[in-house]
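The next block holds one structure in the form of structure tokens; read it before the comments.
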There are 2 protein chains.
Amino acid sequence: MARPSTPRGQGRTRVTVAALELFARRGVSGTSLQDIADHLGVTKAAVYYQFRSKEEIVLAVVEDAFADLRGFVEEAEAEPTGRAATERALVGLVDLMIAHRQAIAALILDPEVGRILESHPDLMALTDRLHALLVGPRSGLSRRVAASVVGSGLAHAGMDPDLADVSDADLRRELLAVGRAVLLGQG
Amino acid sequence: MARPSTPRGQGRTRVTVAALELFARRGVSGTSLQDIADHLGVTKAAVYYQFRSKEEIVLAVVEDAFADLRGFVEEAEAEPTGRAATERALVGLVDLMIAHRQAIAALILDPEVGRILESHPDLMALTDRLHALLVGPRSGLSRRVAASVVGSGLAHAGMDPDLADVSDADLRRELLAVGRAVLLGQG
DNA sequence: GTCTATAACGAGATAGAC
DNA sequence: GTCTATCTCGTTATAGAC
């Protein structure tokens, strides 16, 4: 649907998939280009044929994830009420985490990713919009704290090794329950 | 109380304090010994006089934090009921996060720290005990997910830049409210 | 398009002067 | 105890053969 003529992860895609997995496990700073190349069974030079620098790889990985994010953020912002917008953002966020599990959270929390994002205001703005949706229109202290806890808590739960045995469907249901209880249960 | 003859962060303590701050900002892998030395206004060799390796610095930093953790985990385990134990663990965890703010969460979530902890079963066991306390005796799926979300969510909220303007007292109150709602509100 | 080879640099770590 | 100097290794990145 979104990738018409890319048969099976050729070229850049193969690199970003491998990079995402390694970044999630060891962090961006803890992952070398050699690691990525080894994981793909190629040499560093082969990776450098696809990307000019390590930062460019990180950006490509982040942008993949942010494409999904942009979609449901815009949907949520179109909702008529603040409550519906928060609900839609919550569902989108949980689905995003479930879809990638392990990977996304580690990226979001990685300080090196944060540093790189600072140079890209368009990507930063997207996270701000998500944050605003979770907090809602009445931004009291309780809601701000709740949004922060839920936002990072959901992300982290997806990659929690203690929950690795939980199925996607079960985890999705429980995460939505916790998110709704904290964000929508009180107001 | 715990440090009788160490006037003002001399020796190793100065290093661990600086290291904790830098680890929190850039991650362990993203922080070099040169960074730590520069931050202290000394040379790398001066740091190596206090610690034999970077891993030893990381361990010292983690052990400082874990000393507090051990205290309230043991208190919680002595509580008569599972509910009281969870409550005690929650309060202890929130207090720990507030006391250090910025710093602790970044350490806990750092993949390099996780890797180092794997070689130290005593420290690992402590986190397992904390986890067990948060989940409680009836470890249903809901509770397990809730404990995961709260555990990491609380940690992350402490270092959320969006909440940097919130006072320690206000944040503590709100974090306890969210934690209780999720962990104790339902069962 | 993927390789070898290597440059240029920074990392962790050590030795020894002072 | 802190310094300079140095070693070794791994890192990002480039050049050029195939």
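Residue numbers begin at 1 in each chain, while the letters A, B, ... track the order of the sequences. These numbers come from a predicted model, not from an experiment.
Note on residues 22-44 of chain B: pairs passing side chain to side chain donor-acceptor pair (under 3.5 Å), not counting sequence neighbours, are B:E21-B:R25, B:R26-B:D35, B:S32-B:D35, B:Q34-B:D38.
B:L33 places its CG atom 14 Å from the C1' atom of D:dC9, with the value rounded to the nearest Å. Rounded to an integer number of Å, the gap from A:E112 CD to D:dT11 C1' is 13 Å. Atoms CD1 (B:I57) and P (C:dA11) sit 14 Å apart, rounded to a whole Å. If you take CD1 of A:I36 and P of D:dA13, they are 11 Å apart, rounded to a whole angstrom. The CZ-P distance, from A:F51 to D:dT11, rounds to 19 Å in whole Å. Across the protein-nucleic acid pair, A:D38 atom CG and D:dT12 atom P stand 12 Å apart, rounded to whole Å. Rounded to whole angstrom, the span from the NZ atom of B:K54 across to the P atom of C:dG12 amounts to 5 Å. The distance between atom OH of A:Y48 and atom P of C:dT6, rounded to the nearest whole Å, is 19 Å.
The 5' end of DNA chain D is approached more closely, in terms of each residue's nearest nucleotide, by A:D35 than by the other of A:R52 and A:D35.
In this structure a side-chain-to-backbone donor-acceptor pair under 3.5 Å is present from B:R144 to A:D162. A:T86 places a side-chain N or O within donor-acceptor distance of the main-chain N or O of A:G82, the cut-off being under 3.5 Å.
Salt bridge status for B:R172 with B:D95: present, with a side-chain N to carboxylate O gap under 4.0 Å.
Side-chain N/O atoms of A:S32 include one lying less than 4.0 angstrom from OP1 or OP2 on D:dT11.
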Quiz item: Are A:R88 and A:E77 close enough, and set up right, to give a salt bridge (charged side-chain N to carboxylate O under 4.0 Å, His left out), and what steps lead you there?
Solution: CA-CA 9 Å; A:R88 179 70 193 90; A:E77 286 169 344; over 6 Å; no
Extract from the structure each pairing of a protein N or O with an N or O of nucleotides 2-5 of chain C at less than 3.5 Å, listing the distance.
residue	atom	partner	partner atom	Å
C:dC3	OP2	A:T43	N	3.0
C:dC3	OP2	A:T43	OG1	2.9

